[in-house]
Amino acid sequence: LYKALSDSSTPTPKNQFPFDNNSCLKPSYTLFSLVITLTMPEAPKNSPKASNFIVAEENKKTLHFIEEVTTKADEVQKRVLAEILSRNSNVEYLKCYGNLNGNTDRETFKKVIPVITYEDIQHDINRIASGDKSPIFCSQPVSEFLTSSGTSGGERKLMPTTEEELGRRSLLYSLLMPVMSHFVPDLETGKGMYFLFVKSESKTPGGLLARPVLTSYYKSPHFKNRRPDPYTNYTSPNEAILCPDSYQSMYSQMLCGLSQNAQVLRVGAVFASGFIRAIRFLEKHWSLLCSDIRSGIMNTELITDSSVREAVMKILKPDPDLADFIEAECSKKSWQGIITRLWPNTKYVDVIVTGTMSQYIPTLDYYSNGLPLVCTMYASSECYFGVNLNPLCKPEDVAYTLIPTMCYFEFLPIHRNNGVMDSISAPKSLNEKEKQTLVDLVDVKIGQEYELVVTTYAGLYRYRVGDVLRVAGFKNNAPQFNFICRKNVVLSIDSDKTDEVELQNAMKNAVSHLMPFDARVTEYTSYADTTTIPGHYVLFWEINVNGSTPVHPSVFEDCCLTIEESLNSVYRQGRASDKSIGPLEIRIVEVGTFDKLMDYAISLGASINQYKTPRCVKFAPIIELLNSRVMSKYFSPKCPKWTPGHKQWNNMN
């Protein structure tokens, strides 16, 4: 499809960037200089109106760009690396490896620069956070920190970024809808109902903002002052999206989405879990929302933010018929297909359903009556990576095409330890021989799994992202990857990521509550229960009680809370602030349950000599076996403590 479009259009001259001056993207130099900036209007009134856009021509140019950079993927990658190294040649980090000597070629780079993890550069990142303004990683000044959902030492990782990176991220966003429009026509004629939210932000001791990447984007002029565009025409006003109160934001966005239900052609959120929370919010509050729609007046007791009320009132009009319709649909016993019932023109649901989010697919299918579930892009706090060029594929077939202009990509081969419970192995630190196994973007092999390693314009060099990808195919010379998992993560409900070591340490802290009763946990495992909204962590405990005093239920509740208090700040924020994770649960199982679990694994072919109790289970028959032997259940009695920012920053105040 893209090749045909490219062949049928006028070829782009070699040194001409494939967007014209009316596009939101403009080159600083030629296409292969790859310095991409975002040109924003001085004021909204001076922006061209959406009706004046020649949408089809704009889309053709976007597709031609994809065609060109994927065809010349290796050439583009060489130039990306050369540009990163040349513009940052005088930074402290690269000077530590003086053997570069101004060289920007791949061979010297790979020979001299080590492959690293976050912990290798954490000290220097903390220097920047504390106020050091010298060029440590990047020649451009650090504008803020993007907080990763991954953690180190229980705190969010801090990714330094620059103003220019906003433009590069905007480039990837600009590719999404032109691709989507070739599969779903006429999207420019309606609106998108997307539930978008900002999260808490903090300041480092040196005065730099630290916040999630999407919060940074939504609060930037790139989003707030975006030009009128048929593809960024959302039902939610900016004021509702930017409201820091999650309840007021959700209520206002849902109210606007319902009020404009006939205009909605696509719905979504960032993660599948977030969209399901929005539907469950509607289940609880549809009566109040209908009242507002019927009267055309917003409930001022619920919505106290004046800027949100003012913005929503520009949209909200008295509509008794619509209120009656919504009330009738929401009053029905079954909520199957509620999305297509309330928003009848919806063509697809735009959410991430890869990786751990795949556990929400059955629930989304139920609410949407089987609408296509679309994953459009692959990105992280470190960098934005790629897009899905076949967006209507089945969720299990989603493959992201990495865009060669975004950063310099390398790939560390991953090897699985075969067995009933497959585990992914990759060394934490690499020796010289292992470093030689890294391959370039165009040299990956179909079917092979790799850990993603990136070198970015913002100053990460050969940085291990931690994502495990499998090569599904190629778009021209650029590989397409299935996202397999986040390395070492055993539990995840929303943006939280809990690994086995962290879970084990939390367990050690919790079992101390059992010591006065001469009781101990003999075995345990866990799983992420998404049958409740929000989902929550479940731990199965088999215990041995030698004391004469029975363990009181409140003791197990204390164990639940201690585990939560011991988990990382992303988890605790999800529980205490975002309300995206439910209370942790401990289920006490009968003695001998884990022997039954081992017997079951052996019956499936596991070796009795190599069998180890899995610390996380996902296989439905195993969960059924465990649940069939549950004797009692206990929940965390309250939310764990959480405050914005890193623990050490709070201690400095």
Side-chain angles (χ1 to χ4, degrees), residues 26-38 75-146 148 157-169 171 204-210 213 216 380-384 404-410 430 432 435 438 440-441 453-465:
K26 188 172 76 175
S28 295
Y29 304 104
T30 62
L31 168 63
F32 293 121
S33 74
L34 305 173
V35 182
I36 298 167
T37 57
L38 190 72
E75 181 181 348
V76 172
Q77 280 282 277
K78 287 180 183 177
R79 293 177 181 268
V80 165
L81 180 62
E83 184 172 16
I84 291 173
L85 295 180
S86 60
R87 65 158 60 177
N88 295 324
S89 59
N90 291 320
V91 302
E92 180 182 315
Y93 183 82
L94 291 181
K95 280 186 174 180
C96 290
Y97 305 98
N99 292 335
L100 271 178
N101 291 325
N103 292 304
T104 61
D105 61 283
R106 286 193 246 202
E107 293 73 21
T108 306
F109 172 71
K110 291 186 176 186
K111 183 178 180 180
V112 172
I113 303 300
V115 179
I116 61 167
T117 63
Y118 182 80
E119 286 70 26
D120 294 318
I121 56 174
Q122 189 170 11
H123 172 73
D124 289 323
I125 286 175
N126 288 339
R127 285 171 54 199
I128 300 171
S130 297
D132 191 331
K133 291 181 168 50
S134 59
I136 296 173
F137 296 115
C138 182
S139 59
Q140 297 183 4
V142 173
S143 57
E144 63 180 324
F145 283 105
L146 302 179
S148 170
K157 295 177 182 177
L158 298 173
M159 297 298 163
T161 191
T162 65
E163 288 289 345
E164 183 194 69
E165 277 299 295
L166 272 171
R168 193 166 286 105
R169 291 196 289 272
L171 165 64
T204 70
L208 290 172
L209 281 173
V213 61
S216 170
S380 75
S381 301
E382 291 88 346
C383 184
Y384 280 20
T405 59
M406 300 308 296
C407 66
Y408 179 66
F409 295 101
E410 294 179 88
L430 306 181
E432 288 303 316
K435 288 178 187 176
L438 269 74
D440 289 318
L441 182 68
V453 178
V454 297
T455 297
T456 69
Y457 283 91
L460 296 176
Y461 304 95
R462 309 196 82 187
Y463 179 88
R464 296 172 64 175
V465 175

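Because only heavy atoms are used, hydrogens play no part in the values below, and waters and symmetry mates are left out as well, while side chains stay in. Small disclaimer: the values here were computed from a predicted structure and weren't measured.
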* Of Asp440, Thr455, Thr456, which is the lone residue that meets side chain to side chain donor-acceptor pair (under 3.5 Å) with Tyr408? -> Asp440

* Structure fact -> Heavy-atom nearest pair, Ala129 first then Leu158, reads CB-CD1, 4.5 Å

* Asked: Do you know which two heavy atoms are closest between Tyr457 and Cys138, and how far apart they sit?
  -> O-SG, 3.5 Å

* To do: Evaluate side chain to side chain contact (heavy atoms under 4.5 Å, CB included) for Ile121 paired with Ile136, printing each intermediate quantity in order.
  => CA-CA 10 Å; Ile121 56 174; Ile136 296 173; over 6 Å; no

* Looking only at heavy atoms, what is the nearest atom pair of Ser139 and Arg87, with distance? -> OG-O, 2.9 Å

* Check the pair Met406, Val80 against side chain to side chain contact (heavy atoms under 4.5 Å, CB included), reporting the backbone distance first and the verdict last. => CA-CA 8 Å; Met406 300 308 296; Val80 165; over 6 Å; no

* Asked: Does some side-chain heavy atom of Asp120 sit less than 4.5 Å from a side-chain heavy atom of Tyr463?
  -> no

* Contact check, side chains of Ser381 and Lys157, non-hydrogen atoms, under 4.5 Å -> no

* To do: For Val91 and Phe137, work out which heavy atoms get closest and say how close.
  => CG2-O, 3.6 Å

* side-chain hydrogen bond (donor to acceptor under 3.5 Å, both in side chains) evaluation trace for Ser380 with Glu382 -> CA-CA 5 Å; Ser380 75; Glu382 291 88 346; 2.7 Å; yes

* Could you go through the side chain to side chain contact (heavy atoms under 4.5 Å, CB included) check for Arg462 and Lys110 one step at a time? => CA-CA 9 Å; Arg462 309 196 82 187; Lys110 291 186 176 186; 3.8 Å; yes

* Asked: Between Val454 and Cys407, what is the shortest heavy-atom contact and its length?
  -> CG1-SG, 3.8 Å

* Do Tyr384 and Glu165 come close enough that some side-chain heavy atom pair is under 4.5 Å? -> no

* **Ser130 and Thr204, any side-chain heavy atoms less than 4.5 Å apart** => no

* Asked: salt bridge (charged side-chain N to carboxylate O under 4.0 Å, His left out): which pairs involve residues 122-131, sequence neighbours left out?
  -> Glu92-Arg127, Asp124-Arg127, Arg127-Asp132

* To do: Determine, stepwise, if the pair Arg79 / Glu75 fulfils salt bridge (Lys or Arg N to Asp or Glu O under 4.0 Å).
  => CA-CA 6 Å; Arg79 293 177 181 268; Glu75 181 181 348; 3.6 Å; yes

* **Spatial distance of atom CD (Gln122) from atom OG1 (Thr117) [nearest 0.5 Å]** => 9.0 Å

* Asked: Just wondering, do Leu94 and Ser89 contact through their side chains at under 4.5 Å, heavy atoms?
  -> no

* Stepwise side chain to side chain contact (heavy atoms under 4.5 Å, CB included) check, Ile84 with Phe109 -> CA-CA 11 Å; Ile84 291 173; Phe109 172 71; over 6 Å; no

* Just by distance, do the side chain of Gln77 and the backbone of Phe409 share a donor-acceptor pair under 3.5 Å? -> yes

* Side-chain contact test, heavy atoms from C-beta onward, threshold under 4.5 Å: evaluate it for Ile125 versus Tyr118 and give yes or no. => yes

